[in-house]
Amino acid sequence: MFSQEQLNKFSTQETPFYYYDLALLRRTLEACSTASSKYNFHVHYAMKANVDPRVLDTIRSFKIGADCVSGGEVKKAIECGFTNDKVVFAGVGKSDPEINYALDQDIFCFNVESIQELEIINELALQKGKTAKVALRINPNVNAYTHKYITTGLEENKFGINQWEFEKVAAAIKILSNIECIGLHFHIGSQITDFNVFKSLCIKVNEIVNWFTNHHFNIKVINVGGGLGVDYYNPDTNNIVDFETYFRIFDSFLERSANQEVHFELGRALVANCGSLISRVLFVKYGQVTNFAILDAGMTELMRPALYQAYHKIENLSKDHNVKNKKYDVVGPICESTDCFGKAVELPDTNRGDLIAIRTAGAYGEVMASNYNLRNKVNVIYNE
Ligand SMILES: *Cc1c(COP(=O)(O)O)cnc(C)c1O
């Protein structure tokens, strides 16, 4: 729900634009820190969700770490003032220049996904006379029960080291002189809304940590990844996720000793709800089966619906939103049939010039924007 003041501000802006509510972001971060600090849990922000400078600056001010999946993200994190001892570098395909850059920055840890990657990091660290701290990204084969395009923790996925490879990995680490294995890392998928999935993850993680401990590894860091889902259907009534329950589950079901740290990498849960994509209706087409509301924003500004059939709540801000008397396919101007934000969306009578909000667009929205069709870069405005 937007205030009249916000709507007045919107109506003077050139569309489309992303609107970030930094006040809501701060409340979300506050809730996350309060809930996680009860158990001394360490939270990193998964940078790939949103790298808007003001958003990043707000997150950094809460003194949390940065989880990066490319050399570019490592660089951005450090430039934005995340301290190097809180930067983690994950990703299934790290290039040599990216690894070298991260080694030069003395980051906290590399999350490593294969034996070959371990060998290359070892070799590059050796050339620099350094020891690289690594955590092994394990594929725990736990089903996240989320959309298959955003599932990462099953054997069929490209991510992580599988259980049948443990003996070989353990043997490799023992002979790699410039690698220090400090922990284990897990990330099974995104937009997970069933808390039982995290309980299953804990049980599996306990088993795997035990295996490594029994094989004489000192597992100091247990990184359980991110994936906590948000409520895309109720962005006003349920705008901050239930961090309390989330962290309590890990406290209850994850076994850990006094010298073991538990790390989290949350992306979506921190930033999704603070963002909306605001657009104007260019044209309305009435068909025999389908009406179309054609917006000035498209998949080039928000790709999630086209990329993984994602749902976003769509509102007409220029009309009484309680009235829902027509159905429209809400589409963008891009020359692709997947450029559709929602099918048969119930809206009030919608006209050219109406302002449309696509809600919960703060995560994996602006970061995936492209200039396909030679589109302009999308504008951004903020609520302090
Ligand atoms: C994307 C990603 C995350 C964050 O996922 P969310 O669903 O946004 O919380 C965390 N860790 C890794 C390794 C990732 O790739």
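Every number for a ligand or one of its atoms is a count from 1 in the order of the listing.
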Does [X] approach ligand 1 within less than 4.0 angstrom via side chain, backbone, both or neither, non-hydrogen atoms only?
X      : answer
Ser190 : both
Glu265 : both
Asp67  : side chain

Taking both backbone and side-chain atoms of Gly267, is any N or O found less than 3.5 Å from an N or O belonging to ligand 1?
-> yes
May I ask you to check if ligand 1 and Lys48 share an N or O to N or O distance below 3.5 Å?
-> yes
Will you find, in the side chains of [X] and [Y], an N or O donor that is under 3.5 Å from an N or O acceptor?
X      : Y      : answer
Asn273 : Asn239 : no
Glu265 : His263 : no
Tyr18  : Asp52  : no

Taking everything shown except Glu5 itself, do over 12 heavy atoms lie less than 6.0 Å from its CD?
-> no
Verify the neighbour count for atom NZ of Lys168: are there more than 12 heavy atoms of other residues, nucleotides or ligands below 6.0 Å?
-> no
Looking at [X], which atoms of ligand 1 are within less than 4.0 Å of one of its heavy atoms?
X      : result
Ala46  : 3 (C), 4 (C)
Tyr364 : 1 (C), 4 (C), 5 (O), 6 (P), 8 (O)
Arg268 : 6 (P), 8 (O), 9 (O)
Gly226 : 9 (O), 10 (C)

Under 6.0 Å between the ring centres of Phe89 and Phe108?
-> no
Any idea which of His44, Gln191, Met47, His187 brings a heavy atom closest to atom 5 (O) of ligand 1?
-> His187
Listed once per pair and sorted, the ring-ring contact (aromatic ring centres under 6.0 Å, His included) pairs that draw on residues 363-384, sequence neighbours left out | none
Please confirm whether Gly227 comes under 4.0 Å of ligand 1, counting heavy atoms of the residue only.
-> yes
For Ala297, does its backbone N or O pair with a side-chain atom of Ser279 as donor and acceptor, under 3.5 Å?
-> yes
